[in-house]
*Asks:* 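Questions regarding the structure given below will be posed in turn.
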Amino acid sequence: MTQDEAKWAVAHRAVTFVEDGMRLGLGTGTTSTKFIHALAEKVRNGLHVRCVASSDASHDLGLSLGIDVTTLDQLPEIDLYIDGADEVFPHDGQLDLIKGGGAALLREKIVASASKRFLVVVDSTKLVDRLGKFPLPVEVIKMALPLVQPRLAALGLHPKLRLVKNGTNPLLTDENNYILDCMSGPIEDPAATAQAIRSIVGVVEHGLFLNFAEAVLIAKDDGVQELRASCPTILSASSSARKASYTHD
């Protein structure tokens, strides 16, 4: 299947994990957008859910499609967060991620932290044997840019200010911050890298999501593979829904 078809396949599979009455976190990015469209179809057919989105774009899209989307202030506890990732590194019983390609890493991590469970949806190109090929995003307070950028460089992360697409102005996040994309290369110790970045004053958040995800759905040519982290919470979809979707283990 094409990459676009793979994203639709994994989006439709993800919907089978949604139960009536759930409080959902809506992700950001191309795969998450497809999931929101697939979710809206279920809502039109009678599914009742309340949602919090990880970006203004996903919030507005959900509302436009008839989904009940509110704020974290109104819905501070979330049952299930479904979002994509730029890289997925399965190892030692956990699923480590790089996120933030869509410039929503801060809100994405907030929603993930408010959620009981986090299901990641990707196509097979996002599965890696080491994090770091995709540039690691770091969200930075604008005033702190002259401080943070050289300190990230000193860590060997090669930061570059993200610009708006086809433009020369810095891209601004929904929280009005800058993003530095770090061309780090392979990240040998993600936990140590995360700690070093967070220790820099002026850093708001980084795109390393370590031990957040409970499971990942990966769209492949022969269907959707499900990988789980070694954690006590069991993520499940109805057997009938599974039979109606792609399956591959």
Side-chain angles (χ1 to χ4, degrees), residues 25-30 32 51-60 69-78 81-89 95-115 118 120 126 131-165 167-185 187 189-213:
L26 302 180
T28 298
T30 55
S32 293
C51 303
V52 172
S54 61
S55 66
D56 290 344
S58 293
H59 180 99
D60 294 345
V69 187
T70 185
T71 64
L72 198 62
D73 182 58
Q74 297 297 317
L75 200 67
E77 293 184 358
I78 298 169
Y81 177 38
I82 297 177
D83 199 359
D86 300 298
E87 287 186 344
V88 178
F89 174 37
L95 301 164
D96 289 345
L97 318 172
I98 286 181
K99 290 178 52 56
L105 61 147
L106 173 58
R107 290 192 184 181
E108 287 172 339
K109 196 166 283 188
I110 290 170
V111 174
S113 297
S115 301
F118 179 15
V120 180
K126 306 300 174 64
L131 295 176
K133 184 176 181 180
F134 188 90
L136 173 63
V138 178
E139 188 160 341
V140 179
I141 296 290
K142 287 190 286 187
M143 176 186 176
L145 182 67
L147 171 70
V148 174
Q149 192 160 9
R151 294 194 180 183
L152 290 174
L155 294 174
L157 297 178
H158 308 287
K160 182 178 180 181
L161 182 64
R162 189 183 299 188
L163 304 179
V164 296
K165 190 174 182 179
T168 58
N169 295 323
L171 180 144
L172 293 177
T173 69
D174 286 343
E175 298 295 333
N176 206 36
N177 297 317
Y178 289 152
I179 287 183
L180 290 168
D181 288 313
C182 296
M183 320 296 180
S184 61
I187 301 174
D189 190 339
T193 299
Q195 183 176 5
I197 293 172
R198 286 297 299 272
S199 70
I200 301 172
V201 174
V203 168
V204 180
E205 194 51 83
H206 56 75
L208 287 167
F209 283 60
L210 308 180
N211 209 24
F212 272 83

*Asks:* Of all heavy-atom pairs between L180 and P159, which one has the smallest distance, and what is that distance?
*Replies:* CB-CB, 4.2 Å
*Asks:* Does the side-chain contact (heavy atoms from CB on, under 4.5 Å) test come out yes or no for F209 and F118, once each step is laid out?
*Replies:* CA-CA 11 Å; F209 283 60; F118 179 15; 4.3 Å; yes
*Asks:* Nearest 0.5 Å, please: how far is CD1 in I179 from CG in L145?
*Replies:* 12.0 Å
*Asks:* Would you say that I98 contacts P137 through its side chain, given a criterion of any heavy-atom pair below 4.5 Å between the two side chains?
*Replies:*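 Sidechains of P137 and I98: in contact.
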*Asks:* Specify the closest pair of heavy atoms between P135 and D181, including all atoms of both residues, with the distance to one decimal.
*Replies:*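 Looking at all heavy atoms of both residues, the shortest contact is CB-CB, 4.0 Å.
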*Asks:* Please identify which of these residues, K99, K109, R107, meets the salt bridge (Lys or Arg N to Asp or Glu O under 4.0 Å) condition with D83.
*Replies:*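 Of the listed residues K99, K109, R107, the salt bridge (Lys or Arg N to Asp or Glu O under 4.0 Å) partner of D83 is K99.
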*Asks:* What I'd like to find out is whether the side chain of I78 reaches to under 4.5 Å of the side chain of L72, using heavy atoms alone.
*Replies:* yes
*Asks:* Roughly how far, to the nearest 0.5 Å, is the CG atom of N211 from the CG atom of D96?
*Replies:*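 Reported value, rounded in 0.5 Å steps: 7.0 Å.
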*Asks:* Do any side-chain atoms of residues 193-201 form donor-acceptor pairs under 3.5 angstrom with protein atoms, and if so which ones, sequence neighbours left out?
*Replies:*
residue, atom, partner, partner atom, Å
T193, OG1, D189, O, 3.1
R198, NH1, E205, OE1, 3.3
R198, NH1, E205, OE2, 3.3
S199, OG, A196, O, 2.7

*Asks:* Looking at CZ of R162 and CG of L171, how far apart are the two atoms once the value is rounded to the nearest 0.5 Å?
*Replies:* 6.0 Å
*Asks:* Looking at every non-hydrogen atom in both residues, tell me the closest pair between A213 and L97 and how far apart they are.
*Replies:* CB-CD1, 4.3 Å
*Asks:* Using modelled atom types only, decide if a donor and an acceptor are shared between the side chain of N177 and the backbone of E139 within a distance under 3.5 Å.
*Replies:*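 Pair absent, no side-chain N/O of N177 close to backbone of E139.
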*Asks:* Testing the basics here: between T28 and S55, what is the closest heavy-atom pair and its distance to 0.1 Å?
*Replies:* OG1-OG, 2.8 Å
*Asks:* Considering residues at least two apart in sequence or located in another chain, which fulfil the side chain to side chain donor-acceptor pair (under 3.5 Å) criterion with D86?
*Replies:*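 Result, side chain to side chain donor-acceptor pair (under 3.5 Å) vs D86: none returned.
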*Asks:* Between CD of E175 and CD1 of I141, what distance do you get to the nearest 0.5 Å?
*Replies:*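 Interatomic distance, E175 CD to I141 CD1, rounded to 0.5 Å: 9.5 Å.
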*Asks:* Return the minimal non-hydrogen interatomic distance between P170 and V164, and the atom names on each side.
*Replies:* O-CG1, 3.9 Å
*Asks:* Apply side-chain contact (heavy atoms from CB on, under 4.5 Å) to L95 and V120, showing your working.
*Replies:* CA-CA 9 Å; L95 301 164; V120 180; over 6 Å; no
*Asks:* Does the E108 side chain pair with the main chain of G27, one donor and one acceptor, at a distance under 3.5 Å?
*Replies:* no
*Asks:* Roughly how far, to the nearest 0.5 Å, is the CZ atom of F134 from the CD1 atom of I187?
*Replies:*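 Rounded to the nearest 0.5 Å, the CD1-CZ separation comes to 11.5 Å.
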*Asks:* With rounding to the nearest 0.5 angstrom, report the CG to CD distance, L208 to E87.
*Replies:*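 That separation rounds to 9.5 Å.
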*Asks:* Please report the shortest heavy-atom distance between S32 and G84, naming the atom on each side.
*Replies:*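 Looking at all heavy atoms of both residues, the shortest contact is OG-N, 3.3 Å.
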